[in-house]
Amino acid sequence: MLLDWYDAHARDLPWRVPPDRSRAGERADPYRVWLSEIMLQQTTVAAVRPYFERFTTRWPAVDDLAGAADEDVMAAWAGLGYYARARNLLKCARAVVQDHDDRFPDSEAALLGLPGIGPYTAAAIASIAFGRRAVVVDGNVERVMARFGAVETPLPAAKPELKALAAKFTPDDRPGDHAQALMDLGATVCTPKSPACGACPVQSGCKARAAGLAADLPRKSPKARKPERVGIAYVLRDPQGRIYLERRAEKGLLGGMLGFPTGDWSDNLADDSPPVRARWRDSKLTVRHVFTHFALTLHIHVADAAPEGLNGQWLAPGAARGALPTVMRKVLDAVEPPREPEAPHTAG
DNA sequence: GAAACGTGGCT
DNA sequence: TAGCCAAGTTT
């Protein structure tokens, strides 16, 4: 059965209580479960690990994080993507401190009311951190269920059916381990491509396996193709070699993050204009970056000047780099190639 | 329901 | 290389 497989094959993850200790009744720290779940949304374990270690070292408990400065948290999140998660992370930590006496609520319904916590995360925290029976459905679980039940309805239309299937399998005993087992199974055995059905603990009951359909499920509705956009990044350098950065608006793309001034990215450069009067020149350098829903080519214009009337901040390139989202980091690296082969992240 | 919202790794 | 994919949520 699945839990036996988990006891033998559970991945060792820094936010997880291993199965032997879980069987003995130990539970994971809700703060660490929550933080890991937010970081893991649409993000790989490999990408999350170093961020999780840095966050928990710097902010060991929810009240530490709640007391942090916004810009410090945003800088520490830089590079992980989906920055609304970081903004909601802070809102959530502060809500836990102010409205819940520094403790995460232990019910799925109450968790669902907190910023950044949706149906998946609420169920995951309720089951993993609090031992509640909750139906945890992420992309892994959807894939495992679609295969096990040979559900041929394409996603996302199949979601309700897959959740109903997942509900049938959710046990009262060790629901958190069950959820993690299903996700581990999806990540290591029932993988999107070339599933290792021979190594699967539930292969005998799998309808897709029986029908030879495993690798073809779940089916997905065709996705829209990505439009191309272009823009100009304006890089200002003062006599000390510092660069000029602005905090982006709270909402929208890269919201709350530092970045070089840019125009609105569209299908042409026609109405792009510099943020301030200066001797701008086209560096002829460009940066290419692909976002979730569009691809961007950024032309880099530069000026060596420190004009009056700007509201942003001037930072040494080395200090700024770690706080920048990746697309802005690419712009910086194009203009000021880093000394080291790789300067690993000195956010903060 | 659909679109917005990042990034890096793998094929 | 171009596309697919990863422990989703919000609007």
Side-chain angles (χ1 to χ4, degrees), chain A residues 11 13-16 28 32-52 74 77-89 91-92 111-125 127-129 134 136-144 154-160 163 166 176 178-188 190-195 215 218 220-229 248-257 259 265 288-296 324-330 342 345:
Chain A
R11 287 191 290 175
L13 302 174
W15 45 84
R16 172 178 286 178
R32 294 169 66 88
V33 173
W34 163 72
L35 180 61
S36 69
E37 291 300 346
I38 301 298
M39 287 183 166
L40 285 163
Q41 289 168 8
Q42 299 292 286
T43 309
T44 58
V45 166
V48 165
R49 272 183 195 277
Y51 284 85
F52 181 83
M74 298 312 287
W77 196 276
L80 241 202
Y82 283 139
Y83 299 99
R85 291 183 297 170
R87 303 194 299 273
N88 285 328
L89 190 79
K91 285 185 197 164
C92 182
L111 287 161
L112 205 42
L114 291 166
I117 297 184
Y120 160 76
T121 305
I125 298 173
S127 65
I128 297 169
V136 179
V137 185
D138 73 334
N140 288 304
V141 177
E142 286 182 341
R143 183 171 58 257
V144 172
L155 285 167
K159 280 173 179 285
K163 178 157 189 175
H178 171 80
Q180 293 178 93
L182 229 32
M183 293 190 282
D184 275 17
L185 186 70
T188 64
C190 195
T191 50
K193 284 166 276 189
S194 318
K220 300 198 173 181
S221 302
K223 37 191 75 169
R225 63 168 283 283
K226 271 170 209 205
E228 286 285 339
R229 293 192 195 167
R248 296 174 61 88
E250 279 296 305
K251 295 202 171 194
L253 194 72
L254 308 178
M257 299 300 291
W265 304 331
R288 172 86 178 163
H289 194 74
V290 181
F291 292 98
T292 308
H293 53 297
F294 67 94
L296 175 69
L324 296 176
T326 298
V327 62
M328 297 297 173
R329 208 172 286 181
K330 287 182 182 176
E342 179 59 304
H345 205 40

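Being a predicted model, the structure only gives us computed values, none of them experimental. Below, chains carry the letters A, B, ... as their sequence lines are ordered, and counting in each starts from 1.
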Peer 1: Applying a 4.0 Å non-hydrogen cut-off, can you work out what A:Val327 is touching in the nucleic acid: base, sugar-phosphate, or nothing?
Peer 2: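 The residue A:Val327 makes sugar-phosphate contact but no base contact.
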Peer 1: Could you label the plane-to-plane angle of the A:His289 and A:Phe291 rings as parallel, tilted or perpendicular, counting under 30° as parallel and over 60° as perpendicular?
Peer 2: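 Answer is perpendicular, since the angle exceeds 60°.
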Peer 1: Considering every strand and a 4.0 Å limit on heavy-atom distances, what is the contact class for A:Gly252: base, sugar-phosphate, or nothing?
Peer 2: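 Sugar-phosphate only.
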Peer 1: Answer with yes or no whether A:Thr44 presents, from its side chain, a donor or acceptor under 3.5 Å of a partner atom in the base of B:dG9.
Peer 2: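 For A:Thr44, whose side chain was compared with the base of B:dG9, there is no donor-acceptor pair (under 3.5 Å).
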Peer 1: Counting any heavy atom closer than 4.0 Å, what does A:Thr121 reach on the DNA or RNA strands: base, sugar-phosphate only, or nothing?
Peer 2: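 The residue A:Thr121 makes sugar-phosphate contact but no base contact.
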Peer 1: Could you report the tightest heavy-atom contact between A:Leu112 and A:Pro119, atom names first, then the distance?
Peer 2: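 Smallest interatomic distance, heavy atoms only, reads CD1-N, 3.5 Å.
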Peer 1: Check whether any side-chain N or O of A:His293 sits under 4.0 Å from OP1 or OP2 of B:dA3, and answer yes or no.
Peer 2: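 Indeed not, no polar side-chain atom of A:His293 lies that close.
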Peer 1: Would you kindly give the CG-to-C1' distance between A:Leu89 and B:dG6, to the nearest whole Å?
Peer 2: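 To the nearest whole Å, that distance equals 16 Å.
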Peer 1: Scan A:Arg87 against the nucleic acid and name what it touches under 4.0 Å (heavy atoms): base, sugar-phosphate only, or nothing.
Peer 2: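 Here A:Arg87 touches no strand at all.
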Peer 1: Return the minimal non-hydrogen interatomic distance between A:His293 and A:Leu253, and the atom names on each side.
Peer 2: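 For A:His293 and A:Leu253, the tightest heavy-atom pair comes out as CE1-CD1, 4.4 Å.
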Peer 1: Using the P atom as the reference point in each nucleotide, state the distance between C:dA7 and B:dA4 in Å, no decimals.
Peer 2: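 Looking at atom P only, C:dA7 and B:dA4 are 23 Å apart.
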Peer 1: How many Å lie between NZ on A:Lys251 and P on B:dC5, as a whole number?
Peer 2: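 Roughly 12 Å, once rounded to whole Å.
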Peer 1: Is there side-chain contact between A:Glu37 and A:Trp34, with at least one heavy-atom pair below 4.5 Å?
Peer 2: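 No - every pair of side-chain heavy atoms lies 4.5 Å or more apart.
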Peer 1: In whole angstrom, give the distance that lies between atom CZ of A:Arg85 and atom P of B:dT7.
Peer 2: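 Whole-Å distance recorded here is 10 Å.
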Peer 1: Expressed in whole Å, how much space separates the P atoms belonging to C:dC4 and B:dA3?
Peer 2: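 Rounded to whole Å, the distance is 16 Å.
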Peer 1: Would you kindly give the CZ-to-P distance between A:Phe294 and B:dT7, to the nearest whole Å?
Peer 2: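 Taking CZ of A:Phe294 and P of B:dT7, I get 10 Å after rounding.
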Peer 1: Looking only at heavy atoms, what is the nearest atom pair of A:Val48 and A:Met39, with distance?
Peer 2: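 Closest pair (atom of A:Val48, atom of A:Met39, distance): CG2-O, 3.3 Å.
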Peer 1: Is there a side-chain contact between A:His289 and the phosphate of B:dG6, meaning an N or O under 4.0 Å from OP1 or OP2?
Peer 2: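 Looking at the OP1 and OP2 atoms of B:dG6, neither is under 4.0 Å from any side-chain N or O of A:His289.
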Peer 1: Going 5' to 3' along DNA chain C, which are the first and last nucleotides with any atom under 4.0 Å from a heavy atom of chain A?
Peer 2: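 Taking any atom under 4.0 Å from a heavy atom of chain A, the span is C:dC5 to C:dT10.
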Peer 1: Take A:Thr191 and A:Arg143 through the side-chain hydrogen bond (donor to acceptor under 3.5 Å, both in side chains) test and state the conclusion after the steps.
Peer 2: CA-CA 8 Å; A:Thr191 50; A:Arg143 183 171 58 257; over 6 Å; no
Peer 1: Applying a 4.0 Å non-hydrogen cut-off, can you work out what A:Leu254 is touching in the nucleic acid: base, sugar-phosphate, or nothing?
Peer 2: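 Sugar-phosphate: the residue A:Leu254, judged by heavy atoms under 4.0 Å, touches backbone atoms but no base.
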Peer 1: Between A:Lys193 and A:Tyr82, name the one whose nearest nucleotide on DNA chain B is closer to the 5' end.
Peer 2: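 This one resolves to A:Tyr82.
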Peer 1: Rounded to whole Å, how long is the line connecting atom CZ of A:Phe291 with atom C1' of B:dG8?
Peer 2: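 Those two atoms, CZ and C1', are 14 Å apart.
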Peer 1: Hey, which of these two, A:Arg11 or A:Leu114, hits DNA chain C nearer its 5' end, going by closest nucleotide?
Peer 2: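 Here A:Arg11 is the residue nearer the 5' end.
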Peer 1: For a quick test of reading the model, state the closest non-hydrogen atom pair linking A:Val137 to A:Lys163 and the distance between them.
Peer 2: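 For A:Val137 and A:Lys163, the tightest heavy-atom pair comes out as CG2-CG, 4.1 Å.
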Peer 1: Let me know the distance between CG of A:Leu253 and C1' of B:dG6, rounded to the nearest Å.
Peer 2: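 Between C1' of B:dG6 and CG of A:Leu253: 8 Å.
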Peer 1: Of A:Gly186 and A:Leu112, whose nearest nucleotide on DNA chain C comes first from the 5' end?
Peer 2: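 First, find each residue's nearest nucleotide; the 5'-ward one identifies A:Gly186.
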Peer 1: So A:Thr121 and A:Ile38, do their side chains get closer than 4.5 Å, heavy atoms only?
Peer 2: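 A:Ile38 vs A:Thr121: side chains touch.
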Peer 1: Would you mind reporting whether A:Arg11 and A:Arg16 have side-chain heavy atoms less than 4.5 Å apart?
Peer 2: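 Counting from C-beta outward, A:Arg16 and A:Arg11 do come under 4.5 Å.
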Peer 1: Tell me the interatomic distance from A:Tyr83, atom OH, to B:dA4, atom P, rounded to whole angstroms.
Peer 2: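 In whole Å, B:dA4 P lies 19 Å from A:Tyr83 OH.
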Peer 1: Give one of base, sugar-phosphate or nothing for A:Pro156, where a contact means two heavy atoms less than 4.0 Å apart.
Peer 2: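 A:Pro156: no heavy atom of the nucleic acid under 4.0 Å.
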Peer 1: To the nearest angstrom, how far is A:Arg329 atom CZ from B:dG8 atom P?
Peer 2: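 In whole Å, B:dG8 P lies 7 Å from A:Arg329 CZ.
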Peer 1: How would you label the contact of A:Leu182 with the nucleic acid (heavy atoms, under 4.0 Å): base, sugar-phosphate, or nothing?
Peer 2: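 Since no nucleic acid heavy atom lies under 4.0 Å of A:Leu182, the category is nothing.
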Peer 1: Taking only N and O in the side chain of A:Thr326, is any of them less than 4.0 Å away from OP1 or OP2 of B:dG8?
Peer 2: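 Checking A:Thr326 against B:dG8: at least one side-chain N or O falls below 4.0 Å of OP1 or OP2.
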Peer 1: Please measure how far the C1' atom in C:dT1 lies from the corresponding atom in B:dG8, and state the result in whole Å.
Peer 2: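 Result for the C1' pair: 16 Å, nearest Å.
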